[in-house]
There are 2 protein chains.
Amino acid sequence: MPALARKSAPTDRPPAGRAAVRALRAAPRADNRVNDVLAAAARLFREKGYAFTSMRDIASGAGMLAGSLYYHFASKEGLLVAVYAEGVGRITAAVDAAASAPAADPWQRLEQVCAAHLEALLEASDYAQVVIRVRPDDVPEVAAQLTALRDAYEKVFSRAIAALPLDGRADRRALKLMLLGALNWSQTWYRPGRDSPRTLARRFVRLLRESAAA
Amino acid sequence: MPALARKSAPTDRPPAGRAAVRALRAAPRADNRVNDVLAAAARLFREKGYAFTSMRDIASGAGMLAGSLYYHFASKEGLLVAVYAEGVGRITAAVDAAASAPAADPWQRLEQVCAAHLEALLEASDYAQVVIRVRPDDVPEVAAQLTALRDAYEKVFSRAIAALPLDGRADRRALKLMLLGALNWSQTWYRPGRDSPRTLARRFVRLLRESAAA
DNA sequence: GTGCAAAACAAACGGTTGTTAGGTATGATC
DNA sequence: GATCATACCTAACAACCGTTTGTTTTGCAC
């Protein structure tokens, strides 16, 4: 329910040609299809990318016409922000749960966190995959919003790294960048049915925990 | 000089409406502007991405008109393949040079390789940056060509990892995926003027070489 | 069951897209 | 200096883009 993407209601119609955001709105009907629209958009943005997905594609995926989308969202960019926010929300929820589950030690907890991140990213959710696939700077007008959402999530991840028992010289920032980069890039080479997200998370964390050198 | 992207010459014109590849072509003139076109395309693909760059953008960047591009390239996709190939070539050249430079040990050699990879990726070349920025599956019709080019490069990288002295249980494949992922993803957070590619390479390799755990 | 806003449809808008066809200037080759 | 392919320009094509407008249907509150 992304209020920020909503347009004004007919009673409060703005001057023609200008999209406006609404402050108050009557209760939505039970049969509205915002969720179908979001789901269709998430699926298409993930499959084809933002640029190669047209509003007509999304509309037809949700079983309606292109113009109707503008009742729920002010623009294509607004729709992307809504999908992106939902995606960040889902990743955050999954990772939060993994971070507060019982673990033998901070390293195992980090492994759980990585596994949850990877699962969301690779298999669980179209929304989550959009967060990784769509570059904020592809859409300059909302890029700031998108990066803000992403940064907020990364703090959850940082916390798991802050809890690690490292020796004094260790570089936690580099560790976070390296791990998160490796995880996010996996979207380009991952193929379902091979190594599971959980397995990959274990391998990556082990590489950092135990020295690879002989 | 991407022969595969060339269109047929007027003397060998194919049926209208069909693009064709040419086998033989007379010597190109010295004053042609293919390189300007490639450079403009590389710059724009890097800045705005493939989808958001129009043929008119590229043409104007090279100081000519959109239609003229089709004398040199059969399609927008063909132009992308040419840029991509040049990008892979440049990364490979830089990394090859780093790999054959003198090094104290295999780990230092790997660090040199990573630094060269990062420099190409983050600063040196528009062409190289396109290779990381543009997803092959964004352009289904040439995706296979693009991934083939990318895979060919990764073998150079794998060789540097194969030379590492690791203990028996170590997972070289995971190590390669992790390192390459971390390096490639850096394009999303790297800002010039902060840590140099060389510094980042040193940090990442050290995290793998020496255990981070206390 | 009447009233009213929610939520959709239907049809178009101006603009941009990749691409093509035909014409023309230019530099090299003989 | 004539010839001819190279390398561009000019102008258009049909298709598609995101978005707007006016109208119609439909669920819900009273």
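As the structure is a computational prediction, the values presented were derived from the model and not from experiment. Letters A, B, ... are given to chains in the order of the sequence lines, protein chains preceding strands, and every chain is numbered from 1.
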Distance, nearest 0.5 Å, that separates OG of A/Ser68 from CE of A/Met55:
10.5 Å
Taking atom OH of B/Tyr153 and atom CZ of B/Arg90, what is their separation to the nearest 0.5 Å?
15.0 Å
Proximal nucleotide (of [options]) relative to the [X] side chain:
| X | options | answer |
| --- | --- | --- |
| B/Ala66 | D/dT19, C/dT19, C/dC9 | C/dT19 |
| A/Asn32 | D/dG18, D/dC9, C/dA7 | C/dA7 |
| A/Tyr71 | D/dC8, C/dA7, C/dT19 | C/dA7 |
| B/His72 | D/dC8, C/dA8, D/dT19 | D/dC8 |

Please list, in numerical order, the residues of residues 47-58 of chain A that have a heavy atom closer than 4.0 Å to any atom of DNA chain D.
A/Thr53, A/Ser54, A/Met55, A/Arg56
What is the distance, to the nearest angstrom, from the [atom1] atom on [X] to the [atom2] atom on [N]?
| X | N | atom1 | atom2 | answer |
| --- | --- | --- | --- | --- |
| A/Tyr70 | C/dA12 | OH | P | 19 Å |
| A/Asp36 | C/dA7 | CG | P | 13 Å |
| A/Leu65 | C/dA12 | CG | P | 14 Å |
| A/Leu69 | C/dC9 | CG | C1' | 12 Å |

Who passes side chain to side chain donor-acceptor pair (under 3.5 Å) against B/Thr92, sequence neighbours left out?
none
Whether each nucleotide of nucleotides 25-30 of chain D has a protein heavy atom under 4.0 Å at its base (B), only at its sugar-phosphate (S) or at neither (-) is summarised, 5' to 3', as -BSS--
For the pair [X] and [Y], find out whether any cationic side-chain nitrogen is under 4.0 Å from an anionic carboxylate oxygen.
| X | Y | result |
| --- | --- | --- |
| B/Arg150 | B/Glu154 | no |
| A/Asp57 | A/Lys48 | yes |
| A/Asp138 | A/Arg133 | no |
| A/Asp195 | A/Arg202 | no |

List the steps and the verdict of side chain to side chain contact (heavy atoms under 4.5 Å, CB included) for A/Val83 and A/Asp126.
CA-CA 9 Å; A/Val83 170; A/Asp126 287 338; over 6 Å; no
With a cut-off of less than 4.0 Å, is there a side-chain N or O of B/Arg33 near OP1 or OP2 of D/dA7?
no
Within the pair A/Ser68 and C/dA7, is there a side-chain N or O less than 4.0 Å away from OP1 or OP2?
no
Is the backbone of B/Ala115 close enough, under 3.5 Å, to the side chain of B/Arg198 for a donor and an acceptor to pair up by distance?
no
